[in-house]
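In what follows, residues are counted from 1 in the order of the sequence shown. In this text, all values refer to a predicted model and were calculated from it rather than measured experimentally.
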Amino acid sequence: VDLLPGEANRVKRYLEGGGNLLWLVDFDSLRGMDVVAEYLGLDLIDGIVIDPSASTQRLPASFTLASAYAEHPITDRLDSNTVFPYARRIEAHEGSDFYFTPLVQAAAGGWLETTSLREASFDEDSDIAGPITVAAALERDVGDKRQRVVVIGTAKALSNQYIGLLGNIDLGMTTMGWLAGDDSLITIEPKNRVDLTLELSRPEMAAIGFGFLIFLPLGLLISGGIIWWRRRRA
């Protein structure tokens, strides 16, 4: 649902007062937050980042894998990939009051698809070649305070459905710690459990089933018959 102009202006006034902000921007619409994007000096081009390398994680090309992290407190301790489903490009206008840091760059071999996702293919005339910035940090001094803003090009990366993918939860936790203004909170917790899920294709499951149910008993039966035959001859 689009924010009313008065609601968006309240967010702007909050930023004018030096408030910290986490903004998760989906690809389809700014939902009435154009005034906030303009105030932050952001250039948010419509489109979805396409990443062919996502197939290595058995993900669709619209799920972008991080290919590079900036030197920043949020990402310094990240040692795993992160994934950004249906992400948009985050860039800054020149002359902004905020210092812009591209936190996450992705789709080094991909592009920003600006036309049709169904028939996604790189078009030099309309699309933007990777790598694409999909998350950014903005900072500036407001009085005696250092204001902090993080903009991520998809809300799905930190949603319940996808936050468990790869290192997304670590990115979310370090982001919130940095925005809270307490650098001691910017830490990656040890994993409590290891993912023990084993994914097998149908041919692999069939091979295991036939092996244990048919070939293994048959092999034991044949070897037993050979041993019995040799002993009888002896």
Side-chain angles (χ1 to χ4, degrees), residues 22-31 44-70 72 74-91 101-124 126-137 150-176 188-208:
L22 171 62
W23 187 12
L24 308 178
V25 192
D26 281 323
F27 69 90
D28 53 350
S29 171
L30 294 184
R31 301 300 179 195
L44 303 178
I45 299 175
D46 291 340
I48 299 176
V49 181
I50 300 297
D51 185 6
S53 68
S55 60
T56 61
Q57 298 289 335
R58 297 185 179 181
L59 296 172
S62 55
F63 282 48
T64 305
L65 297 177
S67 57
Y69 296 123
H72 191 275
I74 291 177
T75 52
D76 280 345
R77 301 180 186 180
L78 283 178
D79 57 0
S80 57
N81 289 332
T82 47
V83 59
F84 299 82
Y86 304 101
R88 75 185 301 156
R89 175 175 175 262
I90 308 294
E91 288 294 340
T101 301
L103 283 180
V104 182
Q105 289 192 323
W111 66 92
L112 180 70
E113 178 65 40
T114 59
T115 54
S116 174
L117 182 60
R118 293 184 179 180
E119 300 177 357
S121 60
F122 181 66
D123 185 343
E124 294 183 357
S126 59
D127 298 334
I128 300 174
I132 306 294
T133 299
V134 295
V150 173
V151 183
I152 299 177
T154 172
K156 294 179 175 58
L158 301 183
S159 67
N160 288 345
Q161 186 176 3
Y162 298 111
I163 196 170
L165 288 177
L166 305 181
N168 283 24
I169 192 169
D170 292 332
L171 176 64
M173 294 299 293
T174 55
T175 297
M176 295 306 298
I188 295 177
E189 298 293 334
K191 302 296 186 294
N192 293 325
R193 67 180 183 86
V194 177
D195 187 2
L196 301 178
T197 302
L198 177 63
E199 296 183 2
L200 297 174
S201 63
R202 288 189 177 182
E204 291 171 336
M205 290 189 291
I208 293 174

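- Ile90 is not listed as a side-chain neighbour of Val134, based on a closest heavy-atom distance of 4.5 Å or more.
- The minimum heavy-atom distance between Ala66 and Asn81, with the atom names listed, is O-OD1, 3.8 Å.
- Contact check for Thr75 versus Thr174: no side-chain heavy atoms found under the 4.5 Å cut-off.
- In this structure, the side chains of Leu24 and Leu22 come closer than 4.5 Å at one or more pairs of heavy atoms.
- Partner of Arg89 under the side-chain contact (heavy atoms from CB on, under 4.5 Å) criterion, chosen from Thr114, Asp46, Ile45: Ile45.
- Side-chain contact between Phe84 and Val49: absent, with no pair of heavy atoms (C-beta onward) separated by less than 4.5 Å.
- When all heavy atoms of Ala70 and Pro102 are compared, the pair lying nearest together is CB-O, 3.2 Å.
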Name the atoms and distances for all side-chain donor-acceptor pairs under 3.5 Å in residues 150-169, with sequence neighbours left out.
{"residue": "Thr154", "atom": "OG1", "partner": "Pro85", "partner atom": "O", "Å": "2.7"}
{"residue": "Thr154", "atom": "OG1", "partner": "Lys156", "partner atom": "N", "Å": "3.1"}
{"residue": "Ser159", "atom": "OG", "partner": "Lys156", "partner atom": "O", "Å": "2.8"}
{"residue": "Asn168", "atom": "OD1", "partner": "Val83", "partner atom": "N", "Å": "2.9"}
{"residue": "Asn168", "atom": "ND2", "partner": "Val83", "partner atom": "O", "Å": "2.8"}
{"residue": "Asn168", "atom": "ND2", "partner": "Ala157", "partner atom": "O", "Å": "3.0"}

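- A distance of 9.0 Å separates CG in Leu112 from CZ in Arg88, rounded to the nearest 0.5 Å.
- Panel note: side chain Asp51, backbone Leu65; a donor-acceptor pair is recorded below 3.5 Å.
- Across all their heavy atoms, Pro52 and Trp111 have their closest contact at CG-CZ3, 4.2 Å.
- Considering Asp79, Asp76, Thr82 as possible partners of Tyr69, the one that fulfils the side-chain hydrogen bond (donor to acceptor under 3.5 Å, both in side chains) test is Thr82.
- From Met176, atom CE reaches atom CG of Leu171 across 11.5 Å, with rounding to the nearest 0.5 Å.
- Rounding to the nearest 0.5 Å places CG of Leu44 at 11.0 Å from OG of Ser29.
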I'd like a table of donor-acceptor pairs (distance under 3.5 Å, sequence neighbours excluded) in which one partner is a side-chain atom from residues 56-63, with atom names and distances.
{"residue": "Thr56", "atom": "OG1", "partner": "Ser53", "partner atom": "O", "Å": "2.7"}

